[in-house]
Amino acid sequence: MLNPSNPLALIYRINAQDRITYVNPAWSDFARANQGEAVMPEQVLGLSLLEFVDDPTVQQLYGAMIKRARAGRPVRFKYRCDAPDRRRTFEMDIRQLDNGEVEFISALRHEEVRPAVTVLRAGAPHDNRLLRVCSWCQQVALPDYTWVPVEVAVQRLGLLENETFPRLTHGICQPCRDNLEKAVIKATE
């Protein structure tokens, strides 16, 4: 299990009703450093975790992982949480606490610098188009249902030819879904 006393670990907790009850200082620091004003404590505490998940498949997977954790079977998986100018891989542990509470602990495992991708910048001008990004690997869905790295999607979709960018929405690609379902199944064994 990841160490919850690590000062750099990002930690949040939900109660038995799946409402966010706690975020640690590292969470706030990370949000502030990544233009994440929408996920500062005053914006998220008391809200349902699943309010922050648009995609029904991702909601289902999180629900299954939370259920497993509440049954005393922790879940661990890796995911990407990129910034416009860097690729980052995190590892997350989901485990039960007392009274139906569940704790989520994330730790940075790898980070690499890359040329900035403007479409990922929170302050970039956006329009009504949607660009679907995998919640785990950060690949982007193209209209032909293939998933490619964001840099490739920007080029293939001609996103730099417009003055505005599509809004990002999250889902899950099939390989990540398969891997995550295996992690949930493994957690039940």
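To the nearest 0.5 Å, the span separating CZ on Arg132 from CD1 on Ile172 amounts to 9.0 Å. Residue Glu181 holds its CD atom at 10.5 Å from CE of Met65, rounded to the nearest 0.5 Å.
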Ignoring hydrogens and angles, write down the donor-acceptor pairs under 3.5 Å from the side chains of residues 118-127, residues two or more places apart or on other chains.
| unit_1 | atom_1 | unit_2 | atom_2 | d |
| --- | --- | --- | --- | --- |
| His126 | ND1 | Ala124 | O | 2.7 |
| Asp127 | OD1 | Arg129 | N | 3.0 |
| Asp127 | OD1 | Arg129 | NE | 3.2 |
| Asp127 | OD2 | Arg129 | NE | 3.0 |
| Asp127 | OD2 | Arg129 | NH2 | 2.8 |
| Asp127 | OD2 | Thr164 | OG1 | 2.7 |

What pairs of donor and acceptor atoms, side-chain ones from residues 3-21 against any protein atom, are under 3.5 angstrom apart with sequence neighbours left out?
| unit_1 | atom_1 | unit_2 | atom_2 | d |
| --- | --- | --- | --- | --- |
| Asn3 | OD1 | Ser5 | N | 2.8 |
| Asn3 | OD1 | Ser5 | OG | 2.5 |
| Asn3 | ND2 | Ser5 | OG | 3.2 |
| Asn6 | OD1 | Leu8 | N | 2.8 |
| Arg13 | NE | Glu103 | OE2 | 2.8 |
| Arg13 | NH2 | Glu103 | OE2 | 2.9 |
| Asn15 | OD1 | Gln17 | N | 2.9 |
| Asn15 | OD1 | Asp18 | N | 3.2 |
| Asn15 | OD1 | Arg19 | N | 2.9 |
| Asp18 | OD1 | Arg70 | NH1 | 2.9 |
| Asp18 | OD1 | Arg70 | NH2 | 2.8 |
| Arg19 | NH1 | Gly46 | O | 3.0 |
| Thr21 | OG1 | Arg13 | O | 3.4 |

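Taking the side chain to side chain contact (heavy atoms under 4.5 Å, CB included) definition, one finds that Asn179 meets it with Lys182, sequence neighbours left out. Residues passing the side chain to side chain contact (heavy atoms under 4.5 Å, CB included) test with Val53, sequence neighbours excluded: Leu50, Val58, Gln59. By the side chain to side chain contact (heavy atoms under 4.5 Å, CB included) test, Leu142 is found to be paired with Asp144, Thr146, Val148, Ala153, Arg156, Leu157, residues two or more places apart in sequence or in another chain being considered. Asp85 is linked by a side chain to side chain contact (heavy atoms under 4.5 Å, CB included) to Ala83, Ala116, counting only residues two or more places apart in sequence or in another chain.
Side chain of Thr169 to main chain of Leu131: no donor-acceptor pair is present (N/O by atom type, distance under 3.5 Å, no hydrogens or angles).
Sorted by first and then second residue, the pairs that involve residues 145-154 and meet salt bridge (charged side-chain N to carboxylate O under 4.0 Å, His left out), not counting sequence neighbours, are Arg87-Glu151, Arg114-Glu151. The list of ring pair (Phe, Tyr, Trp, His ring centres under 6.0 Å) pairs with a residue in residues 150-178, not counting sequence neighbours, is empty. Pairs engaging residues 33-66 under the ring pair (Phe, Tyr, Trp, His ring centres under 6.0 Å) rule: Tyr62-Trp136 [sequence neighbours left out]. The side chain to side chain donor-acceptor pair (under 3.5 Å) analysis of residues 34-50, with sequence neighbours excluded, yields the pairs Asn34-Arg88.
In this structure, Trp147 shares a hydrophobic cluster with no other residue, the cluster being traced through Ile, Leu, Val, Met, Phe, Trp and Tyr side chains under 4.5 angstrom apart. Tyr145 shares a hydrophobic cluster with no other residue; no ILVMFWY side chain has heavy atoms under 4.5 Å from its own.
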